[in-house]
2 protein chains.
Amino acid sequence: MKRPTLEVVAARAGVSKSSVSRVINGETTVAPQIRDVVMRAVHELGYVPNGAARNLVTRRTDTLAVVVSDPPQGVVSDDPLFSAVVRAVSRELEAAGKRLVLMLAESDQSRTRVEQYVAGGHVDGVMLVALHGTDPLPAALARQGLPLVSFNRTSAQDVPYVALDNAGGAALAVNHLLQRGRRRIAAITGPLDLYEARERLDGYRQTLRDTGRRSIVALGDFTRASGAEAMRQLLEDDPDLDAVFAANDLMAIGALRTLHQAGRRVPEDVAVVGFDDIEAASYTSPALTSVRSPMADQATAAVHLLLRLIEGGPTDPVIMPNELVVREST
Amino acid sequence: MKRPTLEVVAARAGVSKSSVSRVINGETTVAPQIRDVVMRAVHELGYVPNGAARNLVTRRTDTLAVVVSDPPQGVVSDDPLFSAVVRAVSRELEAAGKRLVLMLAESDQSRTRVEQYVAGGHVDGVMLVALHGTDPLPAALARQGLPLVSFNRTSAQDVPYVALDNAGGAALAVNHLLQRGRRRIAAITGPLDLYEARERLDGYRQTLRDTGRRSIVALGDFTRASGAEAMRQLLEDDPDLDAVFAANDLMAIGALRTLHQAGRRVPEDVAVVGFDDIEAASYTSPALTSVRSPMADQATAAVHLLLRLIEGGPTDPVIMPNELVVREST
DNA sequence: CTCTGATGAGAAAACGCTCCCTGAGAACCG
DNA sequence: CGGTTCTCAGGGAGCGTTTTCTCATCAGAG
């Protein structure tokens, strides 16, 4: 079961270790004849280079870490975002011939372990998904001096990032509601220590302000239940509202349910817009109008940014556009 | 930016490399006094052991691979399953102090790369998620002689696995429908080259056979659209049916839509049961009754099985129980 | 026929760590 | 008090690669 080493291959092919190494790494300065005899030996023995030995001398690992920093009950690792991101990243790295180490940092202890791991030279670069403005990890990783990109805007300075146009997306949603003739447009916001939530709220507020209207805001925490509760609150505060913008789809789905229970028709009495356009948005009845967050594209862009960074290329931030998907709820 | 090595730490502490190594690895045969002086040097220098060098000599990496083998449009990597599994595995490995390398094998080329990677000694073990009966990867990986477990039943011999009781779950669903007084119970099945689909169909068939009833089956491919189409087919074939068992929730959701369009009331005219109990199952109206697949628990069990295997422990297959979650659709 | 410059192969030195082995000194025993 | 055992630190040999440097060979120029 012991795997053959470079030395064994060399002996079998009747050449030196150096030559085998050169062939394996595709160097051009090797005679075709030697190439062939080496390749034959490689195949016969089923030789595969030992990763650790190679890493040790080259200082490269062809492995990148994706760090998702989030409390256990956190929003980042919720299905839609998490899965789309991980899958897109994985595909992109596969295409680039790199490997993916996935690390969830859900506690201070695990954050420390992430730092240790990164410091241990196990990876060539890090892609960070951390939505909390107060998260200390971005800055800590930045200090390590390894290539680092953030999946979104971050508190740490000088960390290249890819960002969604959250404010713009919210504006898109609100303008759509205005165009539909809605006058009293309420919002259900997410936890305000998250960039996403803050920026979406800002976009909503700004758009209403620009048209001389008043904001009506209820606070949610990005869960369906909180959306339902926030909707109850809103109906109580302002029974005449005729539209709701929810900062994500889960809360919008919760709001739909409350509206249904309260006997309001959607969209006739109250129009509802969500944000993210998750899979479930198209399953509800009425199907939910939503601002599409191109998570997968964003992840792909972040990977490219990281790969460029590793190669020493330019690292300008990337802003992803978003679009409104109009369905039955507006 | 160059990180300190063991040698530098040893020099600083005024001891030998061996002693520093012993301290780092928590060996007990070292005097408290030496321990302290070494620890101080470690902290002062911010020393972190180089992973590659350590791997090279110990032959361990504390890293496990999770390989998801599936065509690009495949079902495995669909949100609910994928995300739950990856997250559960990640948490479990984190708790065990191991790292996770995630590999999606979506083509023959990437399957080869997986084999190479595993052969390169980068990981201590592999957890495989491969649902296709014809997938060659399980056998190929088994041949490598590395600890290997499968997330589900697999075609390769002697690979320890964790499995869902798919047939039992289907029986649960069908019996529930019978208890509700349903007489003509149809099924929408998934692609039959998947274990999941085959076993669920078998469970459905067997249960009906046991009670002397006829099966009515339409073929889907685990997508929502195919569920809708299969439901149309079923209504045409047997307009009198009063219940449907769908082999997964997405198809059940598609079926709900078709039934709604056809003017059948759920559950009054037709009862519907899904399988998996994905998040979206509770968002539909009427909310979907479904057989809960404990994906996260299954993943956790698979990780434990793999860890046991690595330590040389017993490797009996594990069968996960499932339960019926009754909602409005039955 | 000698000299120069390419070309390409081999020898050997790292890379940073673990772990076996040796030996110094302390502890214990008769 | 000599001998044996025990404890614990240090020396140094690897682990399997890459890579630098040296050197042999050969073609072509003078």
Side-chain angles (χ1 to χ4, degrees), chain A residues 1-42 45-63 116-124, chain B residues 1-42 45-63 116-124:
Chain A
M1 214 66 262
K2 196 161 168 357
R3 307 211 64 91
T5 73
L6 203 59
E7 188 143 19
V8 175
V9 176
R12 171 118 182 183
V15 300
S16 72
K17 294 195 303 178
S18 316
S19 294
V20 178
S21 175
R22 278 189 276 261
V23 171
I24 296 291
N25 292 293
E27 280 178 39
T28 53
T29 68
V30 48
Q33 188 207 61
I34 297 243
R35 240 193 85 79
D36 289 350
V37 66
V38 167
M39 287 308 279
R40 193 166 321 125
V42 165
L45 296 170
Y47 171 74
V48 176
N50 176 293
R54 177 178 270 179
N55 297 165
L56 180 57
V57 46
T58 60
R59 308 271 144 182
R60 282 183 306 95
T61 60
D62 287 334
T63 301
Q116 296 264 326
Y117 187 70
V118 170
H122 294 268
V123 297
D124 297 342
Chain B
M1 213 66 263
K2 194 160 171 0
R3 308 211 63 93
T5 73
L6 202 62
E7 188 143 21
V8 175
V9 176
R12 171 118 181 184
V15 301
S16 72
K17 294 195 306 176
S18 314
S19 295
V20 179
S21 175
R22 279 190 275 261
V23 171
I24 295 290
N25 292 295
E27 280 178 39
T28 53
T29 67
V30 48
Q33 188 207 59
I34 296 238
R35 243 193 82 79
D36 289 350
V37 65
V38 167
M39 286 309 277
R40 193 166 321 124
V42 165
L45 296 171
Y47 171 74
V48 176
N50 177 294
R54 177 179 275 179
N55 297 166
L56 180 57
V57 44
T58 60
R59 308 271 146 182
R60 280 183 308 96
T61 60
D62 287 334
T63 302
Q116 296 265 323
Y117 186 70
V118 170
H122 295 268
V123 297
D124 297 342

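We name chains A, B, ... by the order of the sequence lines, and we start the count at 1 in each one. Because the structure is predicted, anything quoted here is derived from the model rather than measured.
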Checklist entry - Mind checking what makes side chain to side chain contact (heavy atoms under 4.5 Å, CB included) contact with Arg54(B), not counting sequence neighbours? => result Ile24(B), Asn25(B), Pro49(B), Thr58(B)
Item to check | Within residues 5-15 of chain A or reaching into it, pairs that qualify as salt bridge (Lys or Arg N to Asp or Glu O under 4.0 Å) - sequence neighbours excluded | outcome: Arg12(A)-Glu44(A)
Checklist entry - So what is the end-to-end bend of the helix from dC1(C)-dG30(D) to dG30(C)-dC1(D), with 5 pairs used at each end and the value given to 10 degrees? => result 50°
Identify all pairs in which a protein N or O lies below 3.5 Å from an N or O of nucleotides 23-28 of chain D, and state each distance.
none

Checklist entry - Nearest to the side chain of Thr58(A) - dC17(C), dC19(C), dT19(D)? => result dT19(D)
Next on the checklist: Measuring from the side chain of Asn25(B) (C-beta onward, heavy atoms only), which nucleotide among dA9(C), dT18(C), dT17(D) has the closest atom?
Outcome noted: dT18(C)
Checklist entry - Can you tell me if the side-chain N/O atoms of Ser21(A) get under 4.0 Å from OP1 or OP2 in dT17(D)? => result no
Checklist entry - Of the nucleotides dA9(D), dT19(D), dT18(C), which one has an atom closest to the side chain of Arg54(B)? => result dT18(C)
Item to check | Residues that Ser18(A) engages under side chain to side chain donor-acceptor pair (under 3.5 Å), provided they are two or more places apart | outcome: none
Checklist outcome for this item: For Asp62(A), the salt bridge (charged side-chain N to carboxylate O under 4.0 Å, His left out) test, sequence neighbours excluded, returns Arg60(A), Lys98(A)
Next on the checklist: Need to verify one output field. Residue with the more 5' nearest nucleotide on DNA chain D, Pro32(B) or Val57(B)?
Outcome noted: Pro32(B)
Next on the checklist: Checking Val57(A) now: which residues fulfil side chain to side chain contact (heavy atoms under 4.5 Å, CB included) with it, not counting sequence neighbours?
Outcome noted: none
Protein-nucleotides 21-26 of chain C N/O pairs closer than 3.5 Å?
none

Item to check | CA sep, side-chain torsions, deciding dist, call: Val20(B), Val15(B), side-chain contact (heavy atoms from CB on, under 4.5 Å) | outcome: CA-CA 7 Å; Val20(B) 179; Val15(B) 301; 3.8 Å; yes
Item to check | Phosphate OP1/OP2 of dG16(C) contacted by Arg59(A) side-chain N/O (<4.0 Å) | outcome: yes
Checklist entry - Does Arg59(A) have any salt bridge (charged side-chain N to carboxylate O under 4.0 Å, His left out) partners at least two apart in sequence or in another chain, and if so, which? => result none
Next on the checklist: Counting only heavy atoms and a strict 4.0 angstrom limit, can you tell me which residues of residues 12-19 of chain B come near DNA chain D?
Outcome noted: Val15(B), Ser16(B), Ser18(B), Ser19(B)
Item to check | N/O (side chain, Asn55(A)) to phosphate O (OP1/OP2, dC15(C)) under 4.0 Å | outcome: no
Next on the checklist: According to side chain to side chain contact (heavy atoms under 4.5 Å, CB included), who are the partners of Thr28(B), at least two apart in sequence or on a separate chain?
Outcome noted: none
Item to check | Sequence-distant partners of Val30(B), side chain to side chain contact (heavy atoms under 4.5 Å, CB included), two or more places apart | outcome: Val23(B), Ile34(B), Arg35(B)
